[in-house]
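Computed from a predicted model, the values in this text were never measured in an experiment. Both counts, for ligands and for their atoms, begin at 1 and track the order of listing. For this chain, numbers begin at 1 and follow the sequence in order. Side-chain atoms are counted along with the backbone in the values below, which use heavy atoms only and exclude waters and symmetry mates.
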Amino acid sequence: MIDRDTYPLWNSPSMSAYLTTLSHENMLVEGRGVRVRDAAGRWFLDARSGLWNVTLGYDHPKVTEAIERQLRTLPFANLVGYGRPGAIAVEAAEALLPHLPVHMNKIRYCSNGSQAVETAVLLSRFLHHSGGEKERLAVFGMWHGYHGLGSGAGAVTGMSYVHDQSGPLLPEVHHVSGPFEGAAAPGAGLEQTITACGPERVAAVVLELVVGEGGHVLSDDYLHSLERFCRGHGIHLIVDEVSTGMGRTGAFTRTEQVGIRPDILTLGKGLSAGYAPLSAVVLSDEVSARLFDLDFEQKFLIGSTNDGHPLGLAASMAVIDTLADGGVLENVEAMGALLRQGLEEVAARHPQVAAVRGAGLMQAVEMVAASQDGALTGGAMADHLRLALEERGVLVSSLAMVPAIMIIPPLVVTASDVEEIVTTLDKALAEIRY
Ligand SMILES: Cc1ncc(COP(=O)(O)O)c(C=O)c1O
């Protein structure tokens with residue numbers, strides 16, 4: 001427990017509760033490979049990759065060297081003004097584009113995932129607006145979809161607490177149940193709701209392809225049908241790959257695995273492997289042509305000082321190189337399958353586990369709705385499980401909206417790391433009294 005008067009930080013959870021769980025010994029001070037060490041000297045297998053972003057582990061030589069080189073050459077250049085972007089921004093985009101869906105050709109770098117989503121949504125509205133469709137404002141997301149926090153991205157995130165905590169956020173943002181929550185037929189929920197509301201009023205649909213809150217994988221059929229629907233009605237399809245992009249499901253993008261053609265794609269997290277902040281908004285040929293054809297007065301004013309920071313871009317070029325050459329994507333496929341198989345075997349032994357779901361190295365273990373004696377909700381069970389794993393040396397995520405833990409290890413985990421995650425989970429589930 002830490003004294004509130006001397007602790008210099010504040011954070012988003014209730015601070016009084018947060019401080020009771022905190023100690024100086026718990027703080028992380030070092031990272032090596034897929035492991036982190038706390039101030040008390042305990043090492044943990046980081047099966048949540050920092051915050052799902054440290055995809056290549058904590059001491060990747062190529063990434064570290066690239067950042068060091070950039071740091072010594074040009075530690076800062078901006079993307080926002082004066083017509084003198086850092087040359088590295090162009091190099092990084094040229095390195096990334098060949099690995100993105102073939103119909104996408106322009107990249108705008110930002111600093112974080114929330115900002116990328118917000119930029120994508122505002123750009124969609126701007127394009128409709130500047131094309132004379134001033135009524136096309138509505139944006140649709142899914143309940144349980146996570147797209148970040150703040151007044152723009154938080155509005156798109158499907159979490160009512162976030163919508164209510166500080167009063168109104170970005171207006172005209174609506175949510176429907178995802179196809180994974182009992183919709184009558186795949187696609188029906190979103191398409192029917194938009195049809196009822198008037199598709200000519202809808203600017204964009206924003207969604208994840210694998211939902212981070214619970215690991216639901218949206219089916220190819222659902223996504224292809226949604227793409228046709230959006231295209232048929234002039235609605236932008238914004239695919240948020242902040243979590244899934246850059247290798248998480250075994251390819252540079254999940255979009256490419258599914259074979260859909262979004263209008264706008266967002267990337268973040270693994271884009272710079274967590275070594276420096278970076279995110280991106282990628283445009284299709286069609287959308288970028290619209291943007292580039294606009295008159296001088298019709299400019300889209302957006303951006304922030306640190307967008308496309310050279311250190312993040314240097315990291316991203318090393319990440320792209322590593323994913324392209326290093327067998328990492330193959331490792332994700334093999335280790336993802338091994339992890340999934342292990343988790344399913346564990347789930348079969350423990351009735352507290354309701355489901356295992358996910359893709360690649362992004363797997364959810366969902367708990368039943370309540371403990372047998374009814375004393376704990378599924379959410380509390382998931383949180384206990386996260387802490388029990390931590391006590392046993394493995395870090396995982398628990399979630400705000402869904403009673404599940406997420407196992408999202410670095411893309412470079414080995415079979416013995418996966419074995420350690422699975423056996424530790426098995427042990428924790430056997431030892432916890434619910
Ligand atoms: C799918 C998705 N979109 C957006 C975000 C927001 O990214 P950031 O936390 O970098 O703002 C996240 C973060 O978890 C995410 O998972």
Practice task
Kindly assign one of parallel, tilted or perpendicular to the pair H163 and W143, based on the angle between their ring planes and the thresholds 30° and 60°.
Solution key: tilted
Completion exercise
Given the options S49, S279, S243, K269 meets side-chain contact (heavy atoms from CB on, under 4.5 Å) only with S243
Problem - Neighbouring residues of ligand 1, heavy-atom cut-off under 4.0 Å - result: N112, G113, S114, Y146, H147, G148, E208, D240, V242, S243, K269
Problem - H236/H128 aromatic ring centres below 6.0 Å - result: yes
Completion exercise
Per side-chain contact (heavy atoms from CB on, under 4.5 Å), F126 is matched among V121, L294, T119 by L294
Practice task
Can you run down the salt bridge (charged side-chain N to carboxylate O under 4.0 Å, His left out) pairs that involve residues 380-393, sequence neighbours left out, and say none if there aren't any?
Solution key: D383-R386, R386-E390, R392-E431
Practice task
Please work out which of the three classes, parallel, tilted or perpendicular, describes the rings of F140 and H174, given edges at 30° and 60°.
Solution key: tilted
